[in-house]
Amino acid sequence: MLVCGLWRDKIKLAFAHQQRASLVNVKLKWVKDRELDKVVAQERDLKQACLLVSIIFSKPGQSVPIHVLCRQRRRLELPEDLKLSTFMRRYPTLFHEFHVTVKGGSTPWFTLTHEALKLHEEELDVLEKNENDIVERLQKLLMITCDKTLPLQTIEQLKWDIGLPDDYESSLIPRFPELFSLVHLPDDRTALKLIRYDANLVVSQLQKEAGPDEGLDPQNLAFPIGFPRGFGLKRKCMKWLEEWQTLPYTSPYGDASHLDPRTDVSEKRIVGVFHELLSLTIQKKTERKNFSNLRKPLCLPQKFTKVFERHPGIFYISLKRATQTVILREAYDCQRLIHKHPLTDIRERFACMMKEGMLNRSRGLYKKLKSGDEEKEDHPQMTDVSCDEFSDSDCASVFNLGCDFFSKSE
């Protein structure tokens, strides 16, 4: 028995040495998680719809012709074969359409419904009340990078997920000149640079959850792991995972230049980086493509996103909505987000309004309303307006029709 125990200890030490000296070749299978897939599926078109609400709200008169909205199509990331007007007509609870006669033709215009306008104003109020929290998220995002700098293009991909307002460059950054500065990169791109490094923010979410009273070594923290029902781990994989969890933990805010990228220790640091990035998001998830421009700023090796496949107990990749969405497993209890940010409630209410509008539209409710004579009486201005030329600034003066008026017509 003593000899067996000694051999077991030697094997364990040899395995630990291998993890520190090389990257163990272990592959874990991907298993569908229906609960987390539902979380992603129920947010179909939510980001695009909320962006359109923000754009229309910012325009004079809050009424915009379709050709002006089409200029934002690239930001909306809609399918090429889907017309923007068709997309907006899907959600009549958010967008109200009316037509204006221009040069003998009819041009579609869109405004916000009373309910959408009210909910967006609540969203702006939530953003204002939680401004310090959002600024801290942006600080920590920049602190993870090597040069404390990120191109605006990269932040643009992540701003919805970390809760930044759509116009953060003009509404948020100028009010914190002691923290942020816009700089020009050698490739002529504009980037956001962190000026003041706050040492109080360098504690990662994993370190926070471990706490000072847990009696744990901060250098050997383990990640919370959970697998969906039906996920079977082979004994070899379980052994590797147990040993991997005991490897040293390197903070995503610390210097990792001494780590060999071909080792499991380095991989654990990469897992820690993405664990922290997902923890900075409002709903603990983001599309996988949003990480594509982070390799150089984070000084990560090639194929760094392979950690998502190698650690399905920490991350889940949902294939819903024709994209790959990376979700932090520990943040969810089935479909329920355990710690909700106030913005999450606003977004859930937007999603409910969108679902209600689609259901009512599929039942023909809005067709019945438009086919009656009552609509002609309610919209005398819509059939008589004629304009040869107009610009964005004309929206307020010429077509200031009023949100209460449109909500009444619905």
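Everything numeric in this text was worked out from a predicted model, so none of it was measured. Index from 1, following the sequence.
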I'd like to know if the side chain of R90 and the backbone of G357 have a donor-acceptor N/O pair within less than 3.5 Å.
no

Establish, from distance only, whether the side-chain atoms of T323 and E287 form a donor-acceptor pair under 3.5 Å.
yes

May I ask you to check if R347 and W160 form a cation-pi contact, with NZ or CZ under 6.0 angstrom from the six-membered ring centre and within 45° of the axis?
yes

Taking the six-membered ring for Trp and the full ring for Phe, Tyr or His, determine whether the centres of H96 and F110 are under 6.0 Å apart.
no

In terms of side-chain heavy atoms, does E276 have a donor or acceptor partner in Q205 at a distance below 3.5 Å?
no

Quick one: pull up CH2 in W109 and OG in S63 and give me the separation to the nearest 0.5 Å.
7.0 Å

Modelled atom types, side-chain donor and acceptor of S204 and Q207, under 3.5 Å
yes

Side chain K284, main chain T281, donor-acceptor under 3.5 Å:
yes

Side-chain donor-acceptor pair present, S257, D255, cut-off under 3.5 Å
yes

Please check: side-chain N/O of H341 versus main-chain N/O of L343, any donor-acceptor pairing under 3.5 Å?
yes

Side-chain donor/acceptor of K148 to backbone N/O of T145, under 3.5 Å
yes

Are F308 and Y316 an aromatic pair, judged by ring center distance below 6.0 Å?
no

K320 atom NZ: more than 12 heavy-atom contacts under 6.0 Å
no

If the condition is side-chain hydrogen bond (donor to acceptor under 3.5 Å, both in side chains), which residues does D81 pass it with, not counting sequence neighbours?
none

Check for me whether the distance between the ring centres of H311 and W30 falls short of 6.0 Å.
no

